[in-house]
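Inspection log for the structure reproduced underneath, given as structure tokens.
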Amino acid sequence: MKPPPFVYRDPNTVAGALEALAEYGDEGKVLAGGQSLVPLLNMRLAQPQALIDLNGVAELRSIGESRRDGRDGMAFGAMTRQCQVEAEASPIPLLAEAISWVGHPQIRNRGTIGGSIAHADPSAELPLVFRALDGVATVTSSDGPRDIPADEFFLYTFTPNLEPDEILTEVWLPLPEPRTGQAFLEVARRHGDFALVAAAVSLTLDEAGTIAGARIALGGAAPTPMRATGAEESLIGANPSDECFSDAARLAAEEAEPTGDIHADADYRRDVAAALVRRGLRTALERAGAAA
Amino acid sequence: VSEARTVTLCLNGREVTETVPPRLLLSDFLRGTLGLSGTHVGCEHGVCGCCTILLDGEPVRSCLLFAVQTDGHTVTTVEGLTALDGKLHPLQEAFKEEHALQCGFCTPGFLITLVPFLEKNPHPTDTEIREAISGNLCRCTGYHNIVKAVKRASSYQLTATNQ
């Protein structure tokens with residue numbers, strides 16, 4: 001359980017990090033908080049030739065308000081620690097609720113928002129929030145920055161849409177619209193473990209109380225964090241009721257493609273997905289009412 | 001491939017300079033290189049919490065950090081909780097009084113996690129205590145006496161404040 005040898009580079013700027021990364025290409029790995037990568041190194045599941053440590057890059061630690069495409073939101077520098085995100089997350093209730101499920105306090109003291117999203121674990125909380133809210137990732141290479149919307153960011157399990165010479169530099173998440181309620185629910189074997197299934201739900205009502213917007217995302221239910229678009233569409237224009245929530249939950253479970261493992265089989269995960277979506281919709285509705 | 005580096009850190013209140021290979025975990029640096037065996041190594045992948053230390057005052061896993069990353073930073077281990085004359089930290093006293101350990105393997109991680117927690121939240125509820133220690137595994141105590149010890153340490157602080 002000791003990491004293999006590697007070349008260690010610790011640049012102070014994004015430009016310096018890109019330069020170091022360019023030297024090693026596929027053989028270089030970016031080190032953020034290390035709460036997923038270092039276990040992989042310790043277990044020798046990853047053996048990169050070089051580690052480019054971003055912990056000294058101060059320009060990647062920031063939290064600020066930011067508007068994008070007419071939506072108000074918050075921009076997080078990729079190296080912002082999860083504990084700092086947790087402290088500032090209240091404008092985005094889904095994020096605030098989800099982040100307490102990320103590992104444990106000691107993990108959040110070191111783990112970063114960018115590291116978690118770039119790691120692209122389909123059962124992790126922050127990628128799921130990013131996917132549920134249609135966030136935007138900014139990735140930077142020596143050619144400059146490019147924006148990747150959340151629905152194009154996750155290619156497969158542990159595989160983000162990043163080129164070998166690119167670094168995730170910023171994560172943008174939108175604030176909720178008026179009359180919106182959000183809920184994050186998770187079932188894990190032990191608190192702090194990765195989710196067996198997690199659901200991120202957001203409901204927006206119009207002035208008459210009809211459902212104007214619905215977001216339902218599932219973690220641990222597919223090779224990437226997924227949106228249950230059929231379930232979302234079934235809710236648009238509906239008057240909120242236990243019946244339409246149950247229908248949407250059933251649709252979401254049908255859209256899920258969970259696999260079984262030692263912790264839970266696929267059918268169980270599907271059942272849990274349906275239960276979490278149903279509960280999440282009810283909670284989101286209550287909160288949307290409270291927000292009206 | 002990996003060139004050794006010289007790091008200087010503030011460890012338990014004194015400056016330490018050592019030359020280390022980049023792949024050396026902070027946990028192994030503390031135990032092996034510096035002989036500070038109070039930091040225990042359980043799982044070596046960030047799950048058990050035994051190796052928790054304070055980095056710039058915040059509890060983190062030392063098995064998920066490299067010694068090179070501590071250059072210019074402050075590290076506190078369980079050895080740093082005890083006064084120079086050997087007097088135990090009030091939380092250590094409370095652990096002793098409440099029998100909050102049996103084998104003791106997990107104890108350094110609990111202590112290091114709880115000291116800054118009690119500084120920020122001197123009078124926590126049971127729920128807050130259990131949330132604070134959720135990242136530390138103990139196989140002996142069932143956690144009850146650990147929670148009691150935190151309550152006791154909290155009451156020491158209350159007494160100290162009233163005096």
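Computed from a prediction, not measured in an experiment: that's the story for all the values here. Numbers restart at 1 for each chain; the letters A, B, ... are given by sequence-line order, proteins then strands.
- Screening residues 115-132 of chain A for side chain to side chain donor-acceptor pair (under 3.5 Å) gives A:Asp121-A:Ser123 as the qualifying pairs, with residues at least two apart or on separate chains.
- Between the side chain of A:Asn109 and the backbone N or O of B:Pro59 there is at least one donor-acceptor pair closer than 3.5 Å.
- Within residues 133-150 of chain B, the residues having any heavy atom closer than 4.5 Å to a heavy atom of chain A are B:Ser134, B:Gly135, B:Asn136, listed by residue number.
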| task | Carefully, step by step, assess A:Asn42 and B:Leu25 under the rule side-chain contact (heavy atoms from CB on, under 4.5 Å). | result | CA-CA 9 Å; A:Asn42 286 358; B:Leu25 296 171; 3.7 Å; yes

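- Ion pairing between a basic and an acidic side chain is recognised when a charged N comes within 4.0 Å of a carboxylate O; B:Glu58 and A:Arg110 show no such pairing.
- In this structure, B:Lys96 places its NZ atom where only 12 or fewer heavy-atom neighbours from other residues, nucleotides or ligands lie under 6.0 Å away.
- Your options are A:Asp193, A:Leu40, A:Leu31, A:Leu51, and the one with the most heavy-atom pairs under 4.5 Å with chain B is A:Leu31.
- Interface remark: A:Asn55 contributes side-chain atoms only to the contact with chain B (heavy atom separation under 4.5 Å).
- Counted within 6.0 Å of CZ on B:Phe105, heavy atoms from surrounding residues, nucleotides or ligands total more than 12; the atom is thus considered enclosed.
- Few gaps surround CD on B:Glu128; more than 12 heavy atoms of other groups in view lie less than 6.0 Å from it.
- The contact between B:Leu55 and chain A is made entirely by side chain atoms (from C-beta outward), counting heavy-atom distances below 4.5 Å.
- For A:Arg108, the part sitting under 4.5 Å from any heavy atom of chain B is the side chain, from C-beta outward, and nothing else.
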| request: Verify side-chain contact (heavy atoms from CB on, under 4.5 Å) between A:Arg190 and B:Val47, making sure each step is shown before the conclusion. | output: CA-CA 11 Å; A:Arg190 289 162 296 264; B:Val47 173; over 6 Å; no

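- In this structure, no portion of A:Leu37 lies under 4.5 Å from any heavy atom of chain B.
- Residue contact with chain B, scored on non-hydrogen atoms closer than 4.5 Å, involves the side chain of A:Leu41 exclusively.
- The candidate with the highest count of non-hydrogen atom pairs below 4.5 Å against chain A, out of B:Arg5, B:His45, B:Glu44, B:Arg23, is B:Arg23.
- With rounding to the nearest 0.5 angstrom, the NZ atom of A:Lys2 is 6.0 Å from the OG atom of B:Ser27.
- The shortest distance between side-chain heavy atoms of B:Phe66 and A:Pro3 falls below 4.5 Å.
- Both the backbone and the side chain of B:Leu64 come within contact range of chain A, with heavy atoms under 4.5 Å apart.
- Contact between B:Pro22 and A:Phe6 at its shortest, heavy atoms only, is O-CZ, 3.5 Å.
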